[in-house]
Amino acid sequence: MLSSRFRPKIVREFLSESVEYAEDISLCMETDLPPKKLKSLLKDVPGLKVCYDTGNCADAGFDMQEEFDSYGDHIAHVHLKDKSNGRNV
C-alpha cells in the first residue's frame, strides 16, 4: 500500500512509467492517501486507477462522499470488507 508518507516526485515518476508500461491493462492502486493528495496524484499520472478499500478508508477516518467527489471517476475496483473496530463500512 502506498503510504501517506510517500515521496511525491519519485512516486509520480514510478507510477507514470508503470502505467505506460502496462498500457494494455488497468493499473490500480490501493492507498491511504487523503482524498486531496490522491486526487492530485491521479491528475499527475493519467491512466492510473484506484482500488477503493472501504475498511482502510473507514479506519483512516476519511469521508466517503469527499473521496468519491475527489476521485470517484478513477475507481476501477472496490475491496469491500467489514472491520471489527465498530465502524460501519
Side-chain angles (χ1 to χ4, degrees):
M1 182 182 337
L2 183 61
S3 173
S4 56
R5 296 172 299 280
F6 77 107
R7 300 174 89 185
K9 183 178 178 183
I10 293 170
V11 171
R12 282 176 170 81
E13 289 173 6
F14 171 78
L15 290 173
S16 293
E17 290 177 16
S18 299
V19 167
E20 185 177 323
Y21 179 78
E23 64 182 302
D24 294 335
I25 62 171
S26 291
L27 186 61
C28 298
M29 177 182 73
E30 180 180 330
T31 178
D32 64 354
L33 288 173
K36 290 179 182 174
K37 283 188 179 183
L38 182 52
K39 180 180 181 178
S40 174
L41 177 64
L42 292 167
K43 180 181 174 188
D44 292 344
V45 184
L48 183 62
K49 300 294 182 188
V50 173
C51 173
Y52 183 79
D53 188 307
T54 59
N56 290 353
C57 294
D59 275 350
F62 298 148
D63 178 86
M64 186 180 287
Q65 188 62 55
E66 180 185 3
E67 291 179 295
F68 279 85
D69 289 346
S70 294
Y71 56 82
D73 55 334
H74 292 277
I75 295 173
H77 180 80
V78 177
H79 180 192
L80 297 172
K81 65 183 171 190
D82 190 8
K83 301 290 265 188
S84 61
N85 64 2
R87 294 183 190 225
N88 294 325
V89 291

Phe68 atom CZ: more than 12 heavy-atom contacts under 6.0 Å: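 Yes, enclosed.
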
Within a reach of under 6.0 Å around CD of Glu66, are more than 12 heavy atoms found that belong to other residues, nucleotides or ligands?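 Result for CD/Glu66: enclosed.
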
Heavy atoms only: give me the nearest [X]-[Y] pair and the separation to one decimal.
X: Pro46; Y: Val19; value: O-CG1, 3.4 Å
X: Leu48; Y: His74; value: O-ND1, 3.6 Å
X: Ser26; Y: Lys49; value: CB-CG, 4.3 Å

Do [X] and [Y] belong to the same hydrophobic cluster, where Ile, Leu, Val, Met, Phe, Trp and Tyr are linked whenever their side-chain heavy atoms lie under 4.5 Å apart, directly or via other members?
X: Tyr71; Y: Val78; answer: yes
X: Leu42; Y: Tyr21; answer: no
X: Leu80; Y: Met29; answer: yes

From [X] [atom1] over to [Y] [atom2], what is the distance, rounded to the nearest 0.5 angstrom?
X: Cys51; Y: Leu27; atom1: SG; atom2: CG; answer: 11.5 Å
X: Phe62; Y: Asn56; atom1: CZ; atom2: CG; answer: 9.5 Å
X: Leu33; Y: Ser70; atom1: CG; atom2: OG; answer: 12.0 Å

Are side-chain heavy atoms of [X] and [Y] found at a separation under 4.5 Å?
X: His79; Y: Thr54; answer: no
X: Tyr52; Y: Met64; answer: yes
X: Glu13; Y: Lys9; answer: yes
X: His77; Y: Val50; answer: no
X: Ser40; Y: Lys37; answer: no
X: Leu41; Y: Leu15; answer: yes
X: Ile75; Y: Asp73; answer: no

